[in-house]
Colleague: 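This is the structure I want to talk about, given as structure tokens.
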Protein chains: 2
Amino acid sequence: MDHDGDSRTQINLQSKRVRLARDMRRSQILDAAQALFVARGWDAVTIADVLAEAGISKGGFYHHFSAKEDLLDALVERFTERAMDGTAGAREAEGDALARFNTFVDASNRWRAEHGPELRFFLDVMLQPGNETQFARINAASAEVTLPVLRGLIEEGACSGRFDVPDAGLVAETILALGHGRRAALRAAVKATDAGDLDAAALTLEARMAGEARLIDRLLGLPPGSVVLSEAGKHREMLAAIAAPCGDRRPRAPKPTRTPKPGSERRPPC
Amino acid sequence: MDHDGDSRTQINLQSKRVRLARDMRRSQILDAAQALFVARGWDAVTIADVLAEAGISKGGFYHHFSAKEDLLDALVERFTERAMDGTAGAREAEGDALARFNTFVDASNRWRAEHGPELRFFLDVMLQPGNETQFARINAASAEVTLPVLRGLIEEGACSGRFDVPDAGLVAETILALGHGRRAALRAAVKATDAGDLDAAALTLEARMAGEARLIDRLLGLPPGSVVLSEAGKHREMLAAIAAPCGDRRPRAPKPTRTPKPGSERRPPC
DNA sequence: TCATACCGACCAACCGTCGGTTTTTAAGGT
DNA sequence: ACCTTAAAAACCGACGGTTGGTCGGTATGA
């Protein structure tokens, strides 16, 4: 590398930044990055943006993360780690297979309700165009954790004769896939809730969940009404929890992909 | 950037490149891009790569496509356009709802078998890390086309009393989601086939398809064995069609994400 | 005093633009 | 018919500005 070699000799004079413990800085950077991804999306957020938001230099950042991608991995890991704790206790519930199944569903629903804002991030942001990569990873990580649990539950029910299932793995996978499609419905519901139409949104969601429950009944070989995905009115409060926690609306990033405007302004007034 | 600033005055002397009709060049570029994406993945392919592969200049490229993203859109459009023609005829089949359903499934299976190489592209490439964006688009476009058809078929069967279905849309969505999960299985099967273990791969696939069929039976409220996803041995020949058409193995792009090696070589010897 | 958190100037590479050139097509004049 | 002229479209490749990532070096807590 042969460039002007003497400009580097200038001495750093304004290092007023504090020195933090490793995990502190990491999570601080993670928080900053997550906030930015929420507002703008993966591609539209540059490393420089994260640097500014976190208040750290480039060198500092690359001391903790090896690449922009690494940021995503860490984000996913943090999320799934937290999510696992939420539903881990439901594994050793009591009762027969069906009761345990319903308990598990209820636990994950409850966890979802309690983590509204965070969920909104992975619900709202991941689905906006340009974030498919993150979404896929989150999804894969999530499935990797929940699929074995679900399959275990179903297999157990099949062994005890409570369920009538030809292939537990396939059924578990299908149920999970069902939830995958639900995201779109949830997204629409959140949107409607934001627009003030909570009742209609809750009703629609409730209908979908009821439909799903009946499908799962069939998949498990149970009479209709066995599986209960939600008590009445449960989704209303869940929607309320997920819906925008602050009064301010998001900036509505109008640039899902890379900005092709090199003119002067690069970012809309947030 | 201070390099020789007057180099522009040199006159282009070697314009030996032929001039092609609009659609010709477009599809030529598309072919080149597709081949590269197959080999390396979305992020690892630069515009310059496509330029070189297609034998066209940057200006020429941007005369036909507005951005790299546009390339993907065009690719998706071209694919779905071709795919639609393949199964369009199956819509007006004869017989009762179940027979029509089976015909539809059979038609799409047949189409899949006939377009092995192309399918392999969307199967093999889209699933490699870093291609989630394309995969999501392909998937969305595909669903947008096939979901209404499937739902129509199911609704019709529900009206005629042939099917027992609470929510046709939900069931259609679930069946489609089933196919989504199947991709992973197919991928594994293709891999096994490449490794020479065609029999085992076909057997595994056959088992999965049988399981799926029984699930769909339940979803549609039919007795077991009604839905037929494949005649015996059908998957063997399909696998054979999909499996690598050429004897040479792909370069196995070792850099799914951006290459952080600025040393000297940027691309491994292909 | 030694590891490590941290800094910021720098670099290569990339995408997309721009002024310009060449070829084709269309129009008009004779 | 033929030539001339003009507009349109295909095509070129050097350049600008931005981005992700590197590197030598500094500061600080244990």
Side-chain angles (χ1 to χ4, degrees), chain A residues 1-26 28-29 33 42-52 54-72 255 257-267, chain B residues 1-26 28-29 42-52 54-71 255 257-267:
Chain A
M1 286 67 176
D2 51 343
H3 50 90
D4 44 349
D6 50 333
S7 66
R8 179 177 293 170
T9 46
Q10 70 184 46
I11 301 173
N12 177 11
L13 292 176
Q14 39 86 296
S15 77
K16 212 87 251 340
R17 227 92 79 172
V18 283
R19 187 189 174 94
L20 290 182
R22 186 172 186 82
D23 288 340
M24 282 290 192
R25 257 284 135 70
R26 262 187 82 92
Q28 176 192 349
I29 295 174
W42 175 258
D43 283 329
V45 172
T46 71
I47 295 282
D49 292 333
V50 178
L51 264 38
I56 200 178
S57 72
K58 210 148 201 189
F61 172 84
Y62 278 99
H63 178 70
H64 291 284
F65 298 94
S66 67
K68 193 185 178 186
E69 288 268 308
D70 200 26
L71 215 47
L72 173 56
K255 306 170 179 178
T257 68
R258 174 181 291 240
T259 312
K261 268 277 172 52
S264 55
E265 87 295 355
R266 167 140 187 91
R267 188 169 310 131
Chain B
M1 289 63 180
D2 51 345
H3 48 91
D4 46 348
D6 50 338
S7 64
R8 179 180 291 172
T9 47
Q10 72 184 42
I11 301 175
N12 178 12
L13 293 175
Q14 39 85 310
S15 76
K16 214 85 243 12
R17 226 94 82 172
V18 282
R19 186 192 176 89
L20 290 182
R22 184 171 186 83
D23 288 341
M24 283 291 192
R25 256 283 133 71
R26 263 187 81 92
Q28 177 194 346
I29 295 174
W42 174 257
D43 283 330
V45 172
T46 72
I47 294 284
D49 293 333
V50 178
L51 265 36
I56 199 176
S57 72
K58 211 147 201 192
F61 172 84
Y62 278 100
H63 179 72
H64 292 284
F65 298 93
S66 66
K68 194 183 177 186
E69 287 269 308
D70 201 25
L71 215 48
K255 308 171 180 180
T257 68
R258 173 180 291 241
T259 312
K261 267 280 170 50
S264 54
E265 88 294 355
R266 170 140 187 90
R267 187 169 308 129

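Numbers restart at 1 for each chain; the letters A, B, ... are given by sequence-line order, proteins then strands.
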Colleague: Whole angstrom is fine here: how far is it from CG in B/Leu71 over to P in C/dG16?
Modeller: 10 Å

Colleague: Quick one: CD1 on B/Ile56 to CZ on B/Phe61, what's the gap to the nearest 0.5 Å?
Modeller: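 One gets 8.5 Å once the value is rounded to the nearest 0.5 Å.
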
Colleague: Rounded to the nearest 0.5 Å, what separates atom NE2 in B/His64 from atom CZ in B/Arg25?
Modeller: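 Spacing of NE2 (B/His64) from CZ (B/Arg25) equals 6.5 Å.
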
Colleague: Are the side chains of B/Leu71 and B/Ile29 in contact, using a 4.5 Å heavy-atom criterion?
Modeller: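 Yes, close enough: below the 4.5 Å cut-off.
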
Colleague: Under 4.0 Å between a side-chain N/O of B/Lys68 and OP1 or OP2 of C/dC15, yes or no?
Modeller: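 Looking at the OP1 and OP2 atoms of C/dC15, one of them is under 4.0 Å from a side-chain N or O of B/Lys68.
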
Colleague: Tell me the interatomic distance from B/Ile56, atom CD1, to D/dC12, atom P, rounded to whole angstroms.
Modeller: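 Between P of D/dC12 and CD1 of B/Ile56: 6 Å.
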
Colleague: Take the protein atom CZ of A/Arg26 and the nucleotide atom C1' of C/dT4, then report the distance between them rounded to whole Å.
Modeller: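 Going from CZ in A/Arg26 over to C1' in C/dT4 covers 15 Å.
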
Colleague: Would you kindly give the CG-to-C1' distance between A/Leu51 and D/dG21, to the nearest whole Å?
Modeller: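 Answer to the nearest Å: 11 Å.
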
Colleague: Starting at atom NZ of A/Lys58, determine the distance to atom P of D/dT19, rounded to an integer number of angstrom.
Modeller: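 The answer, rounded to whole Å, is 9 Å.
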
Colleague: Please examine the side chains of A/Met24 and A/Arg19, heavy atoms only from C-beta on, and report whether any two atoms are closer than 4.5 Å.
Modeller: no

Colleague: What pair of heavy atoms forms the shortest contact from B/Lys68 to B/Val45, and how long is it?
Modeller: NZ-O, 2.8 Å

Colleague: Using whole Å, report how far OH of A/Tyr62 lies from P of D/dT22.
Modeller: 7 Å

Colleague: Please classify the nucleic acid contact of A/Ala21 as base, sugar-phosphate, or nothing, using heavy-atom distances under 4.0 Å.
Modeller: nothing

Colleague: Measure CG/A/Leu20 against C1'/C/dT4 and give the value in whole Å, please.
Modeller: 13 Å

Colleague: What's the CG-C1' distance between A/Asp70 and D/dT22, to the nearest Å?
Modeller: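 Rounded to whole Å, this separation is 16 Å.
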
Colleague: Under 3.5 Å, which N/O atoms of the protein pair with N/O atoms of nucleotides 5-9 of chain D?
Modeller:
residue	atom	partner	partner atom	Å
D/dA9	N3	B/Arg19	NH2	3.0

Colleague: Are any of the side-chain heavy atoms of B/His63 and B/Arg22 separated by less than 4.5 Å?
Modeller: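 In short, these two side chains touch, coming nearer than 4.5 Å.
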
